[in-house]
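These numbers were taken from a predicted model, which means no experiment stands behind them.
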Amino acid sequence: MGQLLIRNLDDETIATLKRVAARESKSLEQKMRDLAEREARREEEEFWQLAALTREMTRGADLDIDALIQEGRAERDRAILGDL
C-alpha cells in the first residue's frame with residue numbers, strides 16, 4: 001500500500017482533526033484514511049452517475065455514429081486545410 005504525507009497543515013487544523021477523530025474513537029491516521037477513501041469512492045460514484053444519466057439521455061436517440069464520425073473528420077480536415 002502507498003503512503004501519503006501532508007505538509008504545512010496549520011496546528012489548529014491538526015488539533016481540530018484530532019478532536020474529530022477522538023470523538024469517533026479513531027486515530028487521526030485512521031480518520032484521514034477514511035476521509036481519503038470516502039472521497040475517492042465519491043468521485044468514482046459521481047462518474048458512474050453521470051455515465052448513467054448520459055446513457056438515459058441518449059437512449060433511443062436515432063444517431064448514425066458512422067456519419068457523426070465522418071462529419072467530425074471532415075470538420076477537422078477543413079480546419080487543418082483552412083489553416084494552410
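- Other cluster members for L53: M57, joined by side-chain heavy-atom distances under 4.5 Å among Ile, Leu, Val, Met, Phe, Trp and Tyr.
- Among residues two or more places apart in sequence or in another chain, the side chain to side chain contact (heavy atoms under 4.5 Å, CB included) test is passed with E44 by W48.
- Among residues two or more places apart in sequence or in another chain, the side-chain hydrogen bond (donor to acceptor under 3.5 Å, both in side chains) test is passed with E56 by R59.
- The other members of the hydrophobic cluster of L9, by chain and number, are L4, I6, I14, L17, L28, M32, L35 (side-chain heavy atoms under 4.5 Å, ILVMFWY only).
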Name the atoms and distances for all side-chain donor-acceptor pairs under 3.5 Å in residues 64-76, with sequence neighbours left out.
residue: D64; atom: OD1; partner: D66; partner atom: N; Å: 3.3
residue: D64; atom: OD1; partner: A67; partner atom: N; Å: 3.3

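- Judged as a side-chain hydrogen bond (donor to acceptor under 3.5 Å, both in side chains), the pairs with a partner in residues 32-41 (not counting sequence neighbours) are, in order, K26-D34, E29-R33, Q30-R33, Q30-D34, E39-R42.
- Side-chain heavy-atom separations under 4.5 angstrom define the hydrophobic clusters, and L50 shares its cluster with no other residue.
- Scanning both residues, S27 and A21, for their nearest heavy atoms gives O-CB, 3.7 Å.
- Contacts classified as salt bridge (Lys or Arg N to Asp or Glu O under 4.0 Å) and involving residues 1-13 (residues at least two apart or in different chains) are given here: E12-R19.
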